Amino acid sequence: MKRYLETGNFAITEGAILAGCRFFAGYPITPATELAESMSYRLPQVDGIYIQGEDECAALHLCIGAALGGYKAMTATSGPGYILYADPYGWAIGCEIPLVILNSGRVGPVSGITGAPGQGEFYLTRYPTQGGNFETIVLAPNSAQEAMAITVEAFYLAERFRTPVTILADQLITDGFEDISVPENEEEMKEMGFRTWPRKINKGPEFYPPTDEIDIPPVVLGHNTGALCSDWTPTEEGYDIEEVAAHHKHAYRLIYKIRNNRNLFSNLYEKTFLDDDPDLIVVSYGTPSRVVNTAVKKARERGLKVGALRLINLWPFPDEHFQKSTRYLSVELNWDGQLVREVQRAVPKDAEVHFLGSCGDLPTVQDLIETFEKLLKGQSLSRRGWELEGW
Amino acid sequence: MRTEILASGFGGQGVVRLGQILGEAAVKQGYRVTMLKSHGTEMRGGYVRSQVVISDEPIDSPIVENADLFIALSLAAYNAFKHLVDSGVILYDPAFVVEIDETLRCTQIAVPAKDLAVENLGKAVFANTVMLGVTARMVEVLDRDVVLQSIMHVIPKYQEENKRAFETGYSFIDGN
């Protein structure tokens, strides 16, 4: 095991290479540029290929081409680039092509603030393309070390589910430095809980059956099998068609292969002080969750009955964690409140749901503890960010 | 044990590099480390900031809320973050921080790093290394030799000059 002080971008690069990624196409954007840079350096060392696309849309199309050629492929960007993936993302979902995509969140909309963290793409990662009729898999790490592990896991899930997997990080994770341990062999990878899945090649059926089955290998061109790669609706026989019954079967597969096999990754969450029915459950993901954890530990020392739920698996949304009728607080790096809407949907009808937003900067431990105290006293939160008074 | 170090200034002063060197030294000493950097587009009025947290346990919150040491390299940075220092120390370069807040309770030490660099090494560019020398002297958990090693590793050029700049900074506190 080697120890470094390195960025999340470095950790993700190493994770991808450990997972067998040998193709990267991207377009530079802060805070994911360093990932492209380290891939351009590292991939040739392991007989991999690095290509800079003319833009993000092209980059993801290049990844699709590489995946259809048998490569495990990855791209990386930030919010302004992620929206340009809309077209190829849809192709990859529809044609069931395994890919890994990193979105390193900065402050939006549009270019916003480049070198500061934001969480504005919670819903965008659920619907990264048009048309509906699909589920997406989205994972959110909260440290550089975990970003490495989640990258390995993303490749694993992409292969088994035949679908793109988005890693939703934020600028502090990819750009920030942290002490990182990198495994140097398979044994050390196993010790760290990394699991990998090799690229297998579909030797038939012609396309995929209308079931929720996973583990049917993806199509790889040039292996004497049907290799449908079309933007129209596929049939089981490997033809494309515009027909409602065929579409129904296709949509069923895209939705239920993920919904019905969620147990493969539904263990990706972290619960802190949730065993004693806390009076307040703080929900978060990504870097804010680290401040939440410190705040919750300090709040417990002060006798406040607060617990923390950190989501790593964001989509499909893990409704099962929201069964208790209590107070919830969603802490997010945006002012509009995104995760909070999903929490509101998932909780029992008589639960209370609150939102604390900030953007570009993390909330402080002190902010959070004050917020917990207010909520536990039954006071309402002033809607920070929605009123400019006092700024 | 948790030590928080904040450095902030203009782009180009080496604020990120400084944090990286301190962080790397702490990793070499076996500590857990986080080092967040934020950089707006500095030409449009932002500041650059490094937040280093060193601990012997896994680090949850990576943000500096109660700095043990704040290295202020611009007036804007000083004014933005001085309130984060309570019982800690502020090191500031009077060449940039031309006016300090006398109402603060914490210890504030003027380190004329830019002038010392020009005087001793002929170039202002070594100011950063002078500041690293002072920091290595001030921060208890950091080992002097390991910080120097990290400087040599992170900045492979001008090793002799950087060594001298580091020594200048390291002995500065005791000489004043």
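Heavy atoms only: backbone and side chains are in, while hydrogens, waters and symmetry mates are out. Keep in mind that this is a model prediction, so the values were computed, not measured. Lettering of chains follows the sequences in order, A, B, ..., and the numbering in each one begins at 1.
A distance of 9.0 Å separates CD in B:Glu24 from CZ in A:Phe177, rounded to the nearest 0.5 Å. If you take CZ on B:Arg32 and CD on A:Gln145, they are separated by 7.5 Å, rounding to the nearest 0.5 Å. Separation of atoms CD1 (A:Ile173) and CG (B:Leu36) is listed at 10.0 Å; rounding is to 0.5 Å.
The pair B:Lys28-A:Asp179 does not count as a salt bridge, with every side-chain nitrogen at least 4.0 angstrom from each carboxylate oxygen.
Remark: A:Tyr27 OH is loosely packed, at most 12 non-hydrogen atoms of other residues, nucleotides or ligands lying under 6.0 Å away. For CD of B:Glu160, the number of neighbouring non-hydrogen atoms (other residues, nucleotides, ligands) closer than 6.0 Å is 12 at most. Taking a 6.0 Å sphere around CG of B:Asp174, one finds it holds more than 12 heavy atoms contributed by other residues, nucleotides or ligands. By the neighbour-count criterion of 12 heavy atoms within 6.0 Å, atom CD of B:Glu99 is sparsely surrounded, having that number or fewer from other residues, nucleotides or ligands. Atom NZ of A:Lys190 has 12 or fewer heavy atoms from other residues, nucleotides or ligands within 6.0 Å.
Closest approach of A:Arg290 to B:Thr34, counting heavy atoms only: NH2-CG2, 3.4 Å. The two atoms that bring A:Arg3 and B:Gly30 nearest to each other are NH1-CA, 3.7 Å, heavy atoms only. Shown here for B:Ser61 and A:Thr294, the closest heavy-atom pair between the two residues is N-OG1, 2.9 Å. Nearest heavy atoms, A:Gln171 versus B:Lys37: NE2-O, 3.1 Å.
Only the side chain of A:Asp361 comes within contact range of chain B, judged by heavy atoms closer than 4.5 Å. If you measure heavy-atom distances from A:Thr287 to chain B, the contacts under 4.5 Å come from the side chain alone. Using a 4.5 Å cut-off between heavy atoms, A:Gln366 contacts chain B through both its backbone and its side chain. For chain A, no part of B:Gln51 is nearby; none of its heavy atoms comes within less than 4.5 Å.
Below 4.5 Å, heavy atoms of chain A meet heavy atoms from B:Ile63, B:Glu65, all part of residues 63-96 of chain B.
Applying side-chain contact (heavy atoms from CB on, under 4.5 Å) to B:Asp60 and the options A:Asn293, A:Thr272, A:Val296 leaves one that passes, A:Asn293.
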